[in-house]
There are 2 protein chains.
Amino acid sequence: MIIAPLAPATTASVLAQRLREAIDAGRWSPGELLRQEQIAAEYGVSRIPVREALAQLQSEGLLEIAHYRGARVSRPQAQEIDELFDLRLLVEGDLLARALGRHDQRSLRELARLQDRLEDADDRLGWISGDIAFHEALYGPAERPRSLALFRQLRAPIDRFAAQALGPGARKQGWANEHRQLIAAVAAGDAMAARSILEQHLQATRAVVLAACSGEGEN
Amino acid sequence: MIIAPLAPATTASVLAQRLREAIDAGRWSPGELLRQEQIAAEYGVSRIPVREALAQLQSEGLLEIAHYRGARVSRPQAQEIDELFDLRLLVEGDLLARALGRHDQRSLRELARLQDRLEDADDRLGWISGDIAFHEALYGPAERPRSLALFRQLRAPIDRFAAQALGPGARKQGWANEHRQLIAAVAAGDAMAARSILEQHLQATRAVVLAACSGEGEN
DNA sequence: CATAGGATAATTGTATCCAAAATTTGCTCT
DNA sequence: AGAGCAAATTTTGGATACAATTATCCTATG
């Protein structure tokens with residue numbers, strides 16, 4: 001529970017959050033231009049905070065900005081997606097290994113609770129944010145803030161396509177199974193099994209994202 | 001040879017580059033405030049591009065910005081530096097392994113040439129940019145743009161302290177030896193040796209950076 | 001008819017100006 | 001004299017206005 005916010009919201013930061021959600025929701029298709037004036041008018045602000053928010057989203061890998069030319073939702077190439085998933089396996093594998101011995105009764109119950117909530121969620125954005133929350137709880141005990149930030153950063157540019165792919169019912173079962181197996185492996189302290197399940201989980205997600213990314217938004 | 005720049009420079013982007021260099025050169029000590037007005041006056045521009053440049057440098061991890069309070073050079077905690085070096089070993093180890101089989105006569109000659117230039121450089125910024133160039137040439141054949149970008153990102157917040165530590169003559173010899181050994185291991189295609197030398201190289205650098213970071217700029 | 005050239009419009013980047021927040025200064029009261 | 005509070009100054013965040021660059025459309029020409 002947060003008492004005093006460390007970084008009191010500024011127009012640009014809340015705008016960035018709103019735009020993040022709008023992008024994940026698929027408001028702009030990859031390649032489509034985000035017009036500063038239009039966004040400014042829509043949110044009732046000037047173009048200055050809009051520009052700062054767009055720059056922020058660029059640094060997160062969601063947008064590509066060309067000078068004097070505009071910002072557009074990035075569509076990673078298949079090769080780049082492969083690379084991102086390889087990096088995720090490196091970073092998340094390390095986080096998982098370090099978190100293994102540090103989980104306790106409470107953190108495991110929290111994991112199970114998050115997974116329950118995740119399976120109850122019925123909208124795409126809820127799944128994505130729930131999945132992020134689950135993995136953050138999974139890696140949290142490692143106490144590696146920088147690696148955790150990197151985990152978020154590596155997900156950001158592809159979650160948009162994962163959300164697209166997680167339409168009605170698609171692969172939700174296998175997804176949930178892998179999460180349950182991860183919890184079990186962590187509870188048992190089985191590093192090998194955990195690593196193996198994580199790898200399988202990421203491979204499956206990679207395939208889904210690749211399909212969604214190549215299939216959508218042909219501009 | 002570049003004919004037409006893909007991204008024509010804008011005031012904010014050249015300012016960001018200038019400020020990057022100024023920070024690496026130690027113009028501001030960690031914790032010291034960077035005043036927008038002062039920087040704007042100094043470079044003869046308004047505060048708008050200054051703010052955008054500062055935001056960019058924040059996203060690179062060089063600065064920490066608090067709302068209405070100002071930007072200051074970040075001083076990572078020892079624990080954070082440890083984590084950054086662990087991540088570097090993960091990412092650079094992967095890059096090195098992937099690049100190993102892809103080096104050829106020309107790329108090896110280029111590596112040797114860069115190392116020669118590096119040993120001739122006589123100022124701190126030259127060493128740092130030379131070291132970056134060397135490692136980029138070392139990992140380049142892996143053809144992993146995203147990992148290479150991550151390599152730069154993981155270095156950025158600590159290079160400032162590496163530059164500080166690389167004062168007159170300090171550890172330059174061991175540093176050069178490790179680079180030469182890396183070239184030899186790559187030429188021989190010896191993955192184990194290359195990995196081992198890289199690990200040793202990063203451990204040594206970590207110690208230097210930790211010492212420089214904790215010892216300097218007590219604000 | 002396709003295309004090169006140039007004027008016009010649309011859009012981004014930057015400067016100037018105003019508002020909000022924080023830091024500093026100086027005063028009061030104990 | 002020192003702690004606490006309030007006005008003044010400083011500094012940052014945002015809005016408006018202007019300049020620079022790019023995109024569009026129209027015309028003229030081979």
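Lettering follows sequence order; numbering is per chain, from 1.
- Of the residues in residues 50-64 of chain A, those with a non-hydrogen atom less than 4.0 angstrom from any atom of DNA chain C are A/Arg51.
- Using bins of under 30°, 30° to 60° and over 60° for the plane-to-plane angle, the ring pair A/His179/A/Phe134 lands in the parallel bin.
- Using cut-offs of 30° and 60° for the angle between ring planes, the B/Phe151 and B/Tyr139 rings count as perpendicular.
- For the residue pair B/Glu52 and B/Gln56, no side-chain donor N or O sits within less than 3.5 Å of a side-chain acceptor on the partner.
- For B/Pro49, the side-chain atoms get nearest to C/dA15 when compared with the rest of D/dT16, C/dA15, C/dG13.
- Of the residues in residues 35-45 of chain A, those with a non-hydrogen atom less than 4.0 angstrom from any atom of DNA chain C are A/Arg35, A/Gln36.
- OP1 or OP2 of D/dG14 lies within a sub-4.0 Å distance of a side-chain N or O belonging to A/Thr10.
- In this structure, A/Glu83 contributes its side chain and B/Ser147 its backbone to a donor-acceptor pair below 3.5 Å.
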Legend entry - Protein proximity profile, nucleotides 17-22 of chain D - base contact B, sugar-phosphate-only contact S, no contact -, cut-off 4.0 Å on heavy atoms: ---BSS
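- The existence of a salt bridge linking B/Arg98 and B/Asp94 is confirmed by a sub-4.0 Å separation between a basic side-chain nitrogen and an acidic carboxylate oxygen.
- Relative ring orientation between A/Trp175 and A/His201 is described as parallel, the plane-to-plane angle staying below 30° on a 0-90° scale split at 30° and 60°.
- Using a 4.0 Å heavy-atom criterion, one finds that B/Leu34 contacts the sugar-phosphate atoms exclusively.
- Distances shown here put a side-chain N or O of A/Thr11 below 4.0 Å from the OP1 or OP2 atom of D/dG14.
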Inset, instruction - For B/Glu143 and A/Gln79, run side chain to side chain donor-acceptor pair (under 3.5 Å): C-alpha distance rounded to whole Å, both residues' side-chain angles, the deciding distance at 0.1 Å, then the answer. - result: CA-CA 10 Å; B/Glu143 291 185 84; A/Gln79 199 177 344; 5.8 Å; no
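- Using a 4.0 Å cut-off between charged side-chain N and carboxylate O, A/Glu21 and A/Arg18 make no salt bridge.
- Looking only at distances, no side-chain donor or acceptor of B/Trp28 sits under 3.5 Å from a matching main-chain atom of B/Arg72.
- Between A/Asp159 and A/Arg152, none of the side-chain N atoms (NZ, or NE/NH1/NH2) sits under 4.0 Å from a carboxylate O, so this pair counts as no salt bridge.
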